[in-house]
Undergrad: 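One structure is given below, represented as structure tokens, and several questions about it will come after.
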Amino acid sequence: MEKAFSKNLINIEPYVAGEQPRSADIIKLNANENPYPPSPEVHKAIAAFNADGLRLYPPMDAAPLRQAAADFYGLDRSCVFAGNGSDDVLAAAFRAFFNSDKPILYPDITYSFYPVWCELLKIPFRTIPVDEGFNVNVEDYYTDNGGVVLPNPNAPTTIGLGLDRIEELIKHNRESVVIIDEAYADFSGVSCVPLIKKYDNLVVTQTFSKSRALAGMRVAIALADPYLISYLDAVKDSYNSYPMDAVSICAGTAAMQDREYFEATCGKIVATRQRVTKRLRELGFILPDSSANFLFATHPDHTAREIFSYLRENGIYVRYFSKPRIDNHLRITVGTDEQMDKLLELLEKLINK
Ligand SMILES: *Cc1c(COP(=O)(O)O)cnc(C)c1O
């Protein structure tokens, strides 16, 4: 019902996350979570965590986590920012860097949180269409703008750009801040973190939710020139000081420090991804080579909606978006080999019927 004060209420379309199944038997391939547990070092760190310490405010600036990330990348700690998941980090970045009257630019097919923030923060934006193959052409971004945000690899398309392309994008936008959202970069082997030493207008965001298997906590970082990091700190400290809780800092630090486990689990996921891609193509699916921990597939003889429902009835959840241009595609997270074999078995049955 229309209330007298309705016109003063926020008008917003919230982000819709992948469904959380009630039963533990469901194979959940709909939120790009990691099928492997976090590092054993995370288990140890949480077990050793002294709850007495929770009476105190957490370490200011999430200092241990920032230091671990700086060490991982060979950067100075002043180049690292940390927050409660990359949604928090990206929100701080949008607030800090996108204050122009000119629109910010991002692809028409991309992470659907960007429009949510633009609306919430009243940031003007313009979407740039990806081509028919879902490729981002960086030349399309050589135009006057108030900022650029681009996931690399892009989601949900799985397509990654090479470092040379990203560098061109940054070079042609020296008067704006360019945010590269590297939520899935650990599965692509391409990270533009080394470019932050060269370009003071680049911000790289990374989440611990995917490649470090900590989606159940909220841990993410941004890497940039210290000048931009100081703005992120200023924004974050203005709306929540002491931003990350002590347990998340502890677990995130342990995850960052275990490089070996991180590389081994990412490697397993990449190997599974390659195998499943090949098999899906044999079954007639059409999908780009994925640079992420998920696949983006369509089939000429079965609609995405039909396959989505069929898999759901058989205990496998994948993601379907009823959105223009991608409403006949499915986004399928790469799980364990065993989970993917069940998926393939069901798809074989459907296709060979
Ligand atoms: C998952 C995801 C994020 C954020 O994840 P958090 O869990 O909030 O850290 C950011 N960007 C993209 C493109 C993602 O897919």
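Counting starts at 1 for both ligands and their atoms, following the listed order.
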Undergrad: Run through T333, L330, V334 and flag the one making a side chain to side chain contact (heavy atoms under 4.5 Å, CB included) with L29.
TA: T333
Undergrad: Examine F94 together with F113 and report whether their ring centres are nearer than 6.0 Å.
TA: no
Undergrad: Among all the protein's non-hydrogen atoms, which is closest to atom 15 (O) of ligand 1, and how far away is it?
TA: Y184 OH, 2.5 Å
Undergrad: Looking just at side-chain N and O atoms, do N201 and N173 make a donor-acceptor pair shorter than 3.5 Å?
TA: no
Undergrad: Going by side chain to side chain contact (heavy atoms under 4.5 Å, CB included), L150 matches just one of L161, V178, D181, I179. Which one?
TA: L161
Undergrad: Consider only side-chain N and O atoms of S78 and R66, and report whether a donor and an acceptor are under 3.5 Å apart.
TA: no
Undergrad: Using a strict 4.0 Å cut-off to heavy atoms of R218, name the atoms of ligand 1 that fall inside it.
TA: 6 (P), 7 (O), 8 (O)
Undergrad: Run the numbers for me: atoms of ligand 1, each under 4.0 Å from some heavy atom of D87, listed by number.
TA: 4 (C), 8 (O)
Undergrad: Return the option from I221, T205, D181 holding the heavy atom at the smallest distance from atom 11 (N) of ligand 1.
TA: D181
Undergrad: Verify the neighbour count for atom CD of E175: are there more than 12 heavy atoms of other residues, nucleotides or ligands below 6.0 Å?
TA: no
Undergrad: Between Y231 and F97 (judged by ring centroids, cut-off 6.0 Å), do the two rings come close enough to count as a pair?
TA: no
Undergrad: Could you tell me the residue and atom name of the protein heavy atom closest to atom 1 (C) of ligand 1, and the distance to it rounded to 0.1 Å?
TA: K210 NZ, 1.3 Å
Undergrad: Judging by distance only, is a nitrogen or oxygen of Y111 under 3.5 angstrom from one on ligand 1?
TA: no
Undergrad: Counting from 1, what ligand 1 atoms have a heavy atom of T207 closer than 4.0 Å?
TA: 5 (O), 6 (P), 7 (O), 9 (O)
Undergrad: Quick one: look up the protein heavy atom nearest atom 4 (C) of ligand 1 and list residue, atom name and how far away it is.
TA: S86 OG, 2.7 Å
Undergrad: To check your reading of the model: name the closest protein heavy atom to atom 7 (O) of ligand 1, its residue, and the distance in Å.
TA: S209 OG, 2.6 Å
